[in-house]
Protein chains: 2
Amino acid sequence: MGRLEMSGEDNLLRLVEAEDGDENNYHLQDQVGFILRKAHQRHVALFASHIGDLTPPQFAALAKLHDIGETSQNQLGTLIAMDAATVKGVIDRLKARGLVEVSKHEVDKRRLLVNLTPQGREAIERLIPLARAITEETLAPLTAKEAATFLRLLAKLA
Amino acid sequence: MGRLEMSGEDNLLRLVEAEDGDENNYHLQDQVGFILRKAHQRHVALFASHIGDLTPPQFAALAKLHDIGETSQNQLGTLIAMDAATVKGVIDRLKARGLVEVSKHEVDKRRLLVNLTPQGREAIERLIPLARAITEETLAPLTAKEAATFLRLLAKLA
DNA sequence: CTGATATCATTTGCATACGAATGAATTTGA
DNA sequence: TCAAATTCATTCGTATGCAAATGATATCAG
């Protein structure tokens with residue numbers, strides 16, 4: 001648009017279209033939600049390329065259990081930002097692979113306690129160094145100072 | 001730990017545990033992948049609260065079609081960062097709701113052309129102002145300058 | 001021209017992710 | 001104390017998201 005020789009009418013058209021292009025047009029690729037989704041996709045792909053047999057949510061569950069020890073499924077979900085339905089599936093799959101074990105809470109019979117198995121502990125301790133490398137690689141496009149700024153601002157949004 | 005009166009042995013233990021806590025401990029909540037996942041979740045929730053009957057990927061498809069006009073399903077997927085299997089599902093659901101229509105490419109019989117229907121055009125034009133508000137609300141925890149910095153760095157990662 | 005490659009779309013299988021509904025158990029409050 | 005509200009876990013339905021396999025079509029190279 002605006003690349004042709006213009007009559008008076010074309011001039012008006014160009015003005016309208018320029019206004020449309022600069023102010024009214026919606027650029028998906030500039031929206032924070034769209035870029036956030038792509039950045040998240042990139043991180044998941046990097047994670048998969050380094051840790052193929054565990055997903056980021058599964059890793060998060062193991063890492064948190066390693067950090068705090070036995071907890072209820074519900075509490076674990078809160079700590080790793082998963083709703084009850086999602087954490088159920090994650091724990092079921094980790095249980096099926098022998099990385100966690102569940103038991104009933106002695107006094108509060110509603111609660112399902114989750115804990116690492118020895119294999120789970122071995123796995124998470126082996127994988128944590130790889131996870132550190134994934135974090136580094138995810139942030140690799142930024143300088144150290146930029147990465148620090150980015151993490152500070154990202155945390156404000158999360 | 002380190003809160004009890006200590007013998008020499010306890011002192012050594014405390015040192016070891018302090019080292020563990022400060023250097024060897026892995027803090028999930030500080031990892032970029034985990035925070036990225038939470039920020040993305042927050043945005044999706046904000047989106048849902050404003051635009052309840054369309055998901056961010058569905059909105060992205062409509063917005064891109066509105067921007068560029070008819071394209072192949074595959075090309076659309078590339079533009080909105082979805083693989084072929086995912087974009088298929090998104091388009092199927094938009095088609096079922098009468099927001100897009102598909103047709104066969106005249107010369108290249110492999111391609112499936114996708115375009116907005118009049119209802120789809122009406123919907124996206126009505127929703128774009130809401131999407132702008134969602135972007136603003138997502139970035140609300142940041143100052144204008146911080147938001148600009150954040151978007152610049154986020155784009156580098158995506 | 002034709003066999004090897006590449007592209008486009010589809011399908012299947014698996015893994016999040018969340019809303020809503022349900023049931024069991026616990027806690028609260030009048 | 002006991003009915004109401006809350007919490008914990010499960011289940012169902014729907015929607016991404018991706019890997020891998022498949023089939024149809026198109027392009028390329030010799």
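Reminder, nothing fancy here: chain letters follow the sequence lines and each chain counts from 1.
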Going by side-chain heavy atoms closer than 4.5 Å, which hydrophobic residues are tied to Ile68(B), directly or by a chain of links?
Leu79(B)

Heavy-atom neighbours of Glu125(B) CD exceed 12 at 6.0 Å
yes

Between Leu94(B) and Val102(B), is there shared hydrophobic-cluster membership here, with clusters defined by ILVMFWY side-chain heavy atoms closer than 4.5 Å?
yes

ILVMFWY cluster, Tyr26(B) and Leu139(A) together (side-chain gap under 4.5 Å)
no

Scoring nucleotides 12-23 of chain D by protein non-hydrogen atoms under 4.0 Å (B base, S sugar-phosphate only, - none) yields ---SSBBB----

Taking heavy atoms of chain A and a 4.0 Å limit, find me the 5'-most and 3'-most nucleotide of DNA chain C within that range.
dA15(C) to dT26(C)

Is a side-chain N or O of Arg37(B) found less than 3.5 angstrom from the main chain of Ala81(A), in a donor-acceptor match?
yes

Can you check whether Leu46(B)'s main-chain N or O pairs, donor with acceptor, with His50(B)'s side chain at less than 3.5 Å?
yes

Distance col, row Leu54(B):CG vs Leu62(B):CG, nearest 0.5 angstrom, shows 5.5 Å

What's the spacing between Arg97(B) CZ and Thr117(B) OG1 if we round to 0.5 Å?
11.0 Å

Send over the distance from Gln73(A) CD to dT7(D) P, rounded to a whole Å.
17 Å

Residues from residues 106-113 of chain A sitting under 4.0 Å of DNA chain C, heavy atoms only?
Val107(A), Asp108(A), Lys109(A), Arg110(A)

Under the salt bridge (charged side-chain N to carboxylate O under 4.0 Å, His left out) test, residues paired with Asp30(B) that sit two or more places apart
none

Suppose we screen for salt bridge (charged side-chain N to carboxylate O under 4.0 Å, His left out). Which residues come up paired with Lys38(B), at least two apart in sequence or across chains?
none

